[in-house]
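Read through the structure below, which is laid out as structure tokens, and then see the notes.
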Amino acid sequence: MRFVKSFMLIVFTWLILFAPAQVSADATTVILVRHGETPYNKVKRYQGHLDIPLNEDGIKQAKLLAKSLKDYPIDVFISSPLSRAYVTTETVAKAKGMTVAYTDDRLKEIDYGDWAGEFVADLQVKYPEEFKLWQERPWLMNFPNGENLRDMQYRGRKALEDAVAKYPGKTIFIGAHSFINATILCSVLGLDTEHFKQIRQNNTCVNVLRYEDGVWQVVLLNSVAHLGSLTSDTGVMK
């Protein structure tokens, strides 16, 4: 009996000193946003890693987004390094008297490889079989000299997790892109990439995620209410 008591005392002491605390931390909120409209969005042209700037409408959208979030408490701003996402993020940060904390390459849009810069209509002619695969079973598509949805989802989820680990209990604004956002949302919802096209991401849409005790919740999805509409059919290209 004395041995059992001594053993239990050792175990209890080890748990107190070395086991990770299982206390509930404050919830972390992530405001995940897509960039404003670009000239390529307007004419249905693939962008991917190409650094295409916002057009006039995209700048207006970013300003409306900034106005809608001006009084909402945000602790830190993070962005894709591509200018369309960075300027959107910076516009919101400036309206609050803040700056972008850092950019993360893992938040870039999917790498279209040889498809970057191409018009949709041209791709249907140049790559008929691949284009059909992309439309019907996109989760199987590997872009020539680019990447696939699963690789993009992995890097995007890691960027999200690292941000939450760095700023626990804070409200984090992340400015990124349509497909990277959609695959991140699939990931936190436990969905495979074959479902990513079911998650629409319009220009400057707002998604709100909540992380607490190891559990993700999607609080708001693809909101463009700041543009004066509940839905939008513009800017669906990446």
Side-chain angles (χ1 to χ4, degrees), residues 25-41 47-111 152 155-185 188 201-212 216 218-227 235 238:
D26 291 338
T28 302
T29 299
V30 176
I31 302 173
L32 182 64
V33 171
R34 185 193 176 194
H35 61 80
E37 188 181 75
T38 73
Y40 277 33
N41 290 150
Q47 299 177 115
H49 281 196
L50 296 181
D51 197 5
I52 309 302
L54 298 178
N55 62 15
E56 186 176 342
D57 286 338
I59 293 172
K60 290 178 181 177
Q61 291 168 345
K63 289 179 178 179
L64 287 171
L65 174 64
K67 183 178 179 181
S68 71
L69 294 174
K70 184 176 181 180
D71 296 323
Y72 191 88
I74 299 175
D75 298 297
V76 62
F77 288 86
I78 302 168
S79 177
S80 156
L82 298 176
S83 63
R84 58 190 185 271
Y86 187 86
V87 171
T88 300
T89 304
E90 184 182 47
T91 300
V92 180
K94 282 184 175 180
K96 300 178 70 63
M98 300 174 67
T99 58
V100 178
Y102 66 89
T103 61
D104 192 327
D105 282 348
R106 296 172 297 178
L107 293 172
K108 286 182 178 180
E109 184 56 290
I110 193 167
D111 184 356
M152 177 181 61
R155 61 176 167 83
R157 179 62 186 267
K158 286 295 294 178
L160 176 70
E161 290 177 349
D162 288 350
V164 170
K166 189 172 184 178
Y167 302 103
K170 303 295 185 180
T171 296
I172 307 166
F173 182 105
I174 296 178
H177 308 264
S178 178
F179 281 180
I180 186 73
N181 286 3
T183 55
I184 287 173
L185 288 162
V188 301
Q201 293 288 278
N202 292 104
N203 288 123
T204 65
C205 70
V206 176
N207 308 281
V208 179
L209 312 179
R210 177 185 171 92
Y211 181 78
E212 186 173 19
W216 283 99
V218 177
V219 180
L220 185 65
L221 181 66
N222 195 38
S223 173
V224 288
H226 55 280
L227 301 182
K238 277 30 83 199

Practice item. List the steps, then state whether side chain to side chain contact (heavy atoms under 4.5 Å, CB included) holds for Val92 with Val33. Key: CA-CA 11 Å; Val92 180; Val33 171; over 6 Å; no
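- Taking the six-membered ring where tryptophan is involved, the planes of Tyr167 and Tyr102 are essentially parallel, since the angle between them stays under 30° and well short of 60°.
- A donor-acceptor contact shorter than 3.5 Å links the side chain of Asn222 to the backbone of Asn202.
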Check your understanding: How far apart are the C-alpha atoms of Glu109 and Leu50, what are their side-chain angles, what is the distance that settles it, and do they pass the side chain to side chain contact (heavy atoms under 4.5 Å, CB included) test?
Key -> CA-CA 9 Å; Glu109 184 56 290; Leu50 296 181; over 6 Å; no
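- Of the possible donor and acceptor atoms, none in the side chain of Asp162 sits under 3.5 Å from a partner among the backbone N and O of Ala159.
- Listed for the Gln61 side chain is a donor-acceptor partner under 3.5 Å among the backbone atoms of Glu37.
- Smallest separation of non-hydrogen atoms from Tyr86 and Pro81: CB-O, 4.4 Å.
- Using a distance-only test at 3.5 Å, with no hydrogens or angles considered, no donor-acceptor pair links the side chain of Asp75 to the main chain of Ile172.
- Formation of a donor-acceptor pair under 3.5 Å by the Lys67 side chain with backbone atoms of His226 is not found in this model.
- The shortest heavy-atom contact between Ile52 and Gln47 is CB-OE1, 3.2 Å.
- In terms of heavy-atom proximity, Arg157 sits nearest to Trp216 at NH2-NE1, 3.5 Å.
- Not a single donor-acceptor pair under 3.5 Å links the side chain of His35 to the backbone N or O of Thr204.
- Residue Ala176 comes nearest to Ser80 through the heavy atom pair CA-CB, 4.4 Å, listed as atom of the first residue, atom of the second, then distance.
- The OG1 atom of Thr29 lies 9.0 Å from the CG atom of Leu209; values are rounded to the nearest 0.5 Å.
- One distance of note links CG of Asn181 with CG of Leu160; it measures 10.0 Å at 0.5 Å rounding.
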Practice item. Determine, step by step, whether Leu185 and Gln201 satisfy the side chain to side chain contact (heavy atoms under 4.5 Å, CB included) criterion, reporting the C-alpha distance in whole Å, the side-chain angles of both residues, the deciding distance to 0.1 Å, and the verdict. Key: CA-CA 10 Å; Leu185 288 162; Gln201 293 288 278; 3.9 Å; yes
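- The main-chain N or O of His177 is never found under 3.5 Å from a side-chain atom of Arg84 such that the two would form a donor-acceptor pair.
- The two residues Phe77 and Lys96 make their nearest non-hydrogen contact at CZ-CD, 3.8 Å.
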Exercise for review: May I have the step-by-step check of side chain to side chain contact (heavy atoms under 4.5 Å, CB included) for Val30 and Tyr211, ending in yes or no?
Suggested key: CA-CA 8 Å; Val30 176; Tyr211 181 78; over 6 Å; no
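- Distance check: Lys170 NZ to Ile74 CD1 gives 13.5 Å after rounding to the nearest 0.5 Å.
- Of all heavy-atom pairs between Ala85 and Gly175, the closest is CB-O, 3.9 Å.
- At distances below 3.5 Å, not a single donor-acceptor pair connects side-chain atoms of Thr91 with backbone N or O atoms of Lys63.
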